[in-house]
Amino acid sequence: MASPLERWVEEVARWTRPERVHWCDGSEEEHERLTGQMLAEGILHRLDPERYPGCTLHRSDPSDVARTEHLTYVCTATREQAGPTNNWMSPAQARTRVGPLLDGSMRGRTLYVIPYILGPASSPYRRLGVELTDSPYVVANMRIMTRMGREALEQIGDTDRFVPGLHSLGDLSPDRRFIVHFPEECRIWSVGSGYGGNALLSKKCFGLRLASWMARQEGWLAEHMLILELEQPSGERSYAAAAFPSACGKTNFAMMVSPLESLGYRVRTIGDDIAWMHVGDDGRLWAINPENGFFGVVPLTSEKTNPNAMRTISRNSIFTNVAMTPDRLPWWEGKEEGPPPAGLMDWRGQPWDGKGPAAHPNSRFTAPIAQCPSLSARSADPDGVPLSALIFGGRRARVPPLVYQARDWAHGVYVGATMASETTAAQSGRTGIVRRDPMAMLPFCGYHMADYFTHWLTMGSRLKRPPAIFHVNWFRTGPDGRYLWPGFGQNLRVLLWILQRAEGQGEAVETPIGLVPRPGSLHLDGLNLSAAALEALLKVDRDEWHREAAEHKAFLDGFGPRLPEALWAQHQELVRRL
Ligand code: GTP
Ligand code: SPV
Ligand code: MN
């Protein structure tokens, strides 16, 4: 008798008509063979094997360089279940609109079967998935990003306990591109894109959209969050998770190098993009990183901004849409000081004309988590780590101060629900526009966002020792348009205050929006920051916040009567305090 997995693979093969089917075992030998094939076909290009051993460059189709949110759908039975922030079509509509695009779409290609585990292999919180794809580049990425291969296949065995995800490159045309989710069946179809979060179905499709749906039903949280560890001079370790929208600093924050290492403060990395969080027996919130690699933003990554990332991506990594020097080194804006090297090939593979950027602004690295020098010893702890703090943050030139603390859990949920950020190159469309992005989950929540807020509030009531909640903004600018805060490793100074506050220490002053650091309570020794800049960074301007609160209201109104009363109460409290 064929297993559910075998039956599904056969069914998909009859439908998409691949020339052959390959079951991935995740072995070194398989990896070598596939890489060799992609090099021969020009899907990958070898980088300098001395300076970047095991590294390759991939150039995606120029029309396929970022997630396409307008082509991403949540296909629940009713539109109401998907809510006002998701694109919706009915499951039946999805079958008639998207199904035909998959019909025969793998002709002449190989169908790869990728079994994978999200989370440490022995974690009670792990989940199993299988991606079927006709892209060998997706296979190579999934091998880095997940625990892929034999072990996953064994854990699936004859059961149907896996999330089926079907992906085909189709003809790569944006006119025939769809990323559709069927939460009720826990199923994903993606066609017409080979890029990142559109095509690596373990990541945003399963890890967030479907997982957030499962999490609500089962009483946990699936969030767009990094997870980090802070070691104190006493040797004590505490943990925090932070949600910043795409390309707003999660990877950098998770890998930051402490400027206070000589004093005994050290940061270690657990995850950089997704956190799955459960209520522990001790009433605390525990987090695991479901992923096994990083799919990170390349531009501006440098020895200065993120030396841990530079080490991590120095071998066995895939670079997507970066530029290349004549001696086959990957190159990107912000990599090093000084003028760009001569003779660059841009991300499209053309001689660089010096006009636009040489590397695409959303160029990415795919690198194994095990190569990260700052990796925490508990990064693959099956139980996860207990969180002391949750941090929300956005990219805002104005309004939110460097850091503030929410008064309690419900206020923290309000802060997360109303946060906003300027759009970046991580999604197609215009950049630099302020949009509300609740909990950095706007493009990733698999159901009605008002129900998601209710779920957050309910989770708080189940936590005996809830993490304290904060909001940060590294991106506030001065009158000259320059960032007021140096950012990157210096963000540790803010993290210190956050974790002190979470332990009931650290000094704060009350403001209408929450608690901001008392000047002097931030550890700023050795940082050349003027008193005026600090004041500007911590300033809470009532006029600006009145306008901000009005925008909160307009945004929350869009959720209609499903919005939990507790959030309206928070809003009224904010307005009253202002
Ligand atoms: P996704 O992978 O898209 O989810 O992004 P991310 O949230 O992990 O963002 P990442 O850390 O890759 O940073 C995105 C961009 O913001 C990069 O160009 C960084 O150099 C820049 N950046 C990150 N942290 C800071 C900071 O503290 N200050 C400033 N000014 N820029 C930062
Ligand atoms: C993001 O856009 O938030 C990413 C990259 O982490 S992608 O995998 O394309 O979603
Ligand atoms: Mn992300």
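As the structure lists them, so they are numbered: ligands from 1, and atoms in each ligand from 1.
- Remark: ligand 1 and D272 share no N or O pair separated by less than 3.5 Å (distance only, no angle test).
- Of all the heavy atoms of F253, none lies under 4.0 Å from any atom of ligand 1, so neither backbone nor side chain is involved.
- Summary of contacts: the protein heavy atom closest to atom 9 (O) of ligand 1 is G249 N, 2.8 Å.
- A donor-acceptor pair shorter than 3.5 Å cannot be found between the side chains of Q490 and W474.
- Considering backbone and side-chain N/O of K204, none are found under 3.5 Å from N/O of ligand 1.
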What are the polar N/O contacts of ligand 2 with the protein below 3.5 Å, with distances?
unit_1   : atom_1 : unit_2 : atom_2 : d
ligand 2 : 2 (O)  : R67    : NE     : 3.1
ligand 2 : 2 (O)  : R67    : NH2    : 3.0
ligand 2 : 2 (O)  : S246   : OG     : 3.0
ligand 2 : 3 (O)  : K204   : NZ     : 2.6
ligand 2 : 3 (O)  : H224   : NE2    : 3.3
ligand 2 : 3 (O)  : S246   : OG     : 2.5
ligand 2 : 6 (O)  : K204   : NZ     : 2.6
ligand 2 : 6 (O)  : D273   : OD1    : 3.4
ligand 2 : 6 (O)  : D273   : OD2    : 3.4
ligand 2 : 8 (O)  : G197   : N      : 3.1
ligand 2 : 9 (O)  : G197   : N      : 2.8
ligand 2 : 10 (O) : R67    : NE     : 2.9
ligand 2 : 10 (O) : K204   : NZ     : 3.0

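- Counting the atoms of ligand 1 from 1 in the order shown, those under 4.0 Å from a heavy atom of P245 are 7 (O).
- Comparing V472, N362, T251, L300 against atom 20 (O) of ligand 1, the shortest heavy-atom distance belongs to L300.
- At the shortest separation from atom 32 (C) of ligand 1 among protein heavy atoms lies F488 CZ, 3.2 Å.
- There is a side-chain donor-acceptor pair under 3.5 Å between D134 and S168.
- Protein heavy atom nearest atom 11 (O) of ligand 1, with residue, atom name and distance: N252 ND2, 2.7 Å.
- For the residue pair D64 and S193, a side-chain donor N or O sits within less than 3.5 Å of a side-chain acceptor on the partner.
- Between F253 and I391 there is a side-chain heavy-atom pair separated by less than 4.5 Å.
- Considering backbone and side-chain atoms alike, R395 places an N or O below 3.5 Å from some N or O of ligand 1.
- With a heavy-atom cut-off of 4.0 Å, R364 touches ligand 1 through its side chain alone.
- Between G296 and ligand 1 there is no heavy-atom distance shorter than 4.0 Å.
- Using 4.0 Å as the threshold, D273 has a heavy atom nearer than that to some atom of ligand 1.
- Proximity to H224 (heavy-atom distance under 4.0 Å) selects the following atoms of ligand 1: 4 (O).
- Set against the non-hydrogen atoms of Y483, the atoms of ligand 1 under 4.0 Å away are 30 (N).
- Neighbouring protein atoms of the Mn ion (ligand 3) (N, O or S, distance under 2.8 Å, waters ignored): K204 NZ, H224 NE2, D273 OD1.
- If you check each of A247, A66, G196, P299 against atom 1 (P) of ligand 1, the one with the closest non-hydrogen atom is A247.
- What sits closest to atom 6 (P) of ligand 1 on the protein, heavy atoms only, is K250 N, 3.3 Å.
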